[in-house]
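Each remark here refers to the structure printed beneath this line.
Residue numbers begin at 1 in each chain, while the letters A, B, ... track the order of the sequences. All values derive from a computational prediction rather than experimental measurement.
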There are 2 protein chains.
Amino acid sequence: MAFHVLQKNREGGQQLAETLASAVAEVGLCQDCRTLTETARCRLCANGKRDDGLLCVVESPADIVAIEQAGGYSGRYFVLHGRLSPIDGVGPEELGLAQLLAKVRERKPEEVILATNPTVEGEATAFYVSDLIKDEVGSISRIAHGVPIGGELEYVDGGTIVHALQGRRRLS
Amino acid sequence: MAFHVLQKNREGGQQLAETLASAVAEVGLCQDCRTLTETARCRLCANGKRDDGLLCVVESPADIVAIEQAGGYSGRYFVLHGRLSPIDGVGPEELGLAQLLAKVRERKPEEVILATNPTVEGEATAFYVSDLIKDEVGSISRIAHGVPIGGELEYVDGGTIVHALQGRRRLS
């Protein structure tokens with residue numbers, strides 16, 4: 001890309017530099033949910049039609065994009081920008097957990113959905129957040145772990161099979 | 001492989017041919033759970049220490065291997081050898097559903113776990129089996145669909161995200 005810009009498209013390079021600089025200067029965090037936005041409050045937080053009773057806690061703004069593209073969820077979000085990882089120096093302060101606690105106390109959502117990733121750190125983070133807010137919220141839930149849609153048991157790892165069996169849902 | 005056997009390892013080829021022929025001749029279906037076995041009843045069906053209260057319905061013998069390797073399940077199995085697929089001429093007879101119904105009536109398991117794959121045909125098969133045996137069993141359950149362990153929301157397809165949110169489990 002560097003060679004292409006310098007040899008064949010210097011104008012494009014200049015434009016890219018300006019766009020990047022303005023993005024870095026103008027895109028900040030939503031004061032409400034901490035996702036990336038150019039305004040004080042993001043498009044989703046400013047939308048009065050979203051369900052205030054549901055609050056979904058995710059690791060990154062990209063997770064919000066994925067959930068919104070999937071459709072079916074119409075509640076609010078909160079972005080941690082990472083996961084607890086003491087070895088990398090990421091603790092509760094870096095994840096804005098004080099802000100999350102304040103938000104939960106103020107808005108009183110009926111349910112908080114912990115949608116951190118099903119990795120070791122993601123699970124630990126979900127557990128920590130659950131413990132932090134358990135006295136403030138009626139219901140705290142965790143997204144389902146299991147076999148992905150279109151997947152085949154035969155090609156799925158053992159940990160996922162164990163979770164898929166443990167998390168089985170009653171049909172009748 | 002064909003060139004290697006014919007040019008460099010004719011003895012190995014002969015041995016492979018004999019092994020394959022004896023496997024084809026001797027490996028049949030377990031009369032109890034329909035998995036592949038050299039004996040009338042397979043090792044798992046003959047094991048008196050397995051939990052008779054749980055019956056797990058899978059699409060193929062490879063699924064049994066995957067679940068056994070994952071560990072954590074100690075019940076019985078039943079293999080469909082496929083899934084309902086009218087377009088390929090696979091109906092209830094081909095899947096041994098009459099045998100499954102007879103087995104459920106005779107053994108009276110407390111719970112039947114439908115572990116067909118989360119594909120369109122797998123879901124339809126689970127629904128059909130559930131409807132077939134619903135008057136014979138106290139509890140019928142479906143394995144969890146969701147984000148696989150170690151997966152990241154950002155890279156998971158929309159259908160799986162929708163299922164992971166719908167199938168969320170209450171923590172408190």
Take a 6.0 Å sphere around [atom1] of [X] and say whether it holds more than 12 heavy atoms from other residues, nucleotides or ligands.
X	atom1	answer
B:Gln99	CD	yes
A:Arg169	CZ	no
A:Arg43	CZ	no

Heavy-atom pair of closest approach, residues [X] and [Y]:
X	Y	value
A:Ala144	B:His145	CB-O, 3.5 Å
B:Glu154	A:Ala62	CD-CB, 3.4 Å
A:Val162	B:Gly71	CG2-O, 3.5 Å
B:Ser139	A:Arg170	OG-NE, 3.6 Å

When you group the ILVMFWY residues by side-chain heavy-atom contacts below 4.5 Å and let the links chain together, are [Y] and [X] in the same group?
X	Y	value
B:Leu95	B:Val137	yes
B:Leu132	A:Leu171	yes
B:Ile140	B:Leu100	yes
A:Tyr73	A:Val57	no

What part of [X] is in contact with chain A, defined as an atom under 4.5 angstrom from a non-hydrogen atom: side chain, backbone, both or neither?
X	result
B:Ile133	neither
B:Thr116	neither
B:Ile64	neither
B:Glu152	both

Tell me, out of [options], who's got the most heavy-atom pairs with chain A below 4.5 Å.
options	answer
B:Thr119, B:Ile67, B:Leu153	B:Leu153
B:Gly72, B:Ala115, B:Gly151	B:Gly151
B:Ala66, B:Gly159, B:Pro148	B:Pro148
B:Ile113, B:Asp157, B:Val147	B:Val147
B:Gly167, B:Gly158, B:Pro118	B:Pro118

For chain B, which of [options] has the most heavy-atom pairs under 4.5 Å?
options	value
A:Gln69, A:Glu59, A:Glu111	A:Glu111
A:Asn117, A:Val156, A:Val65	A:Asn117
A:Leu165, A:Ile149, A:Thr160, A:Val112	A:Ile149

message = Rounded to the nearest 0.5 Å, what separates atom CG in B:Asp63 from atom CD1 in A:Ile161?
response = 8.0 Å
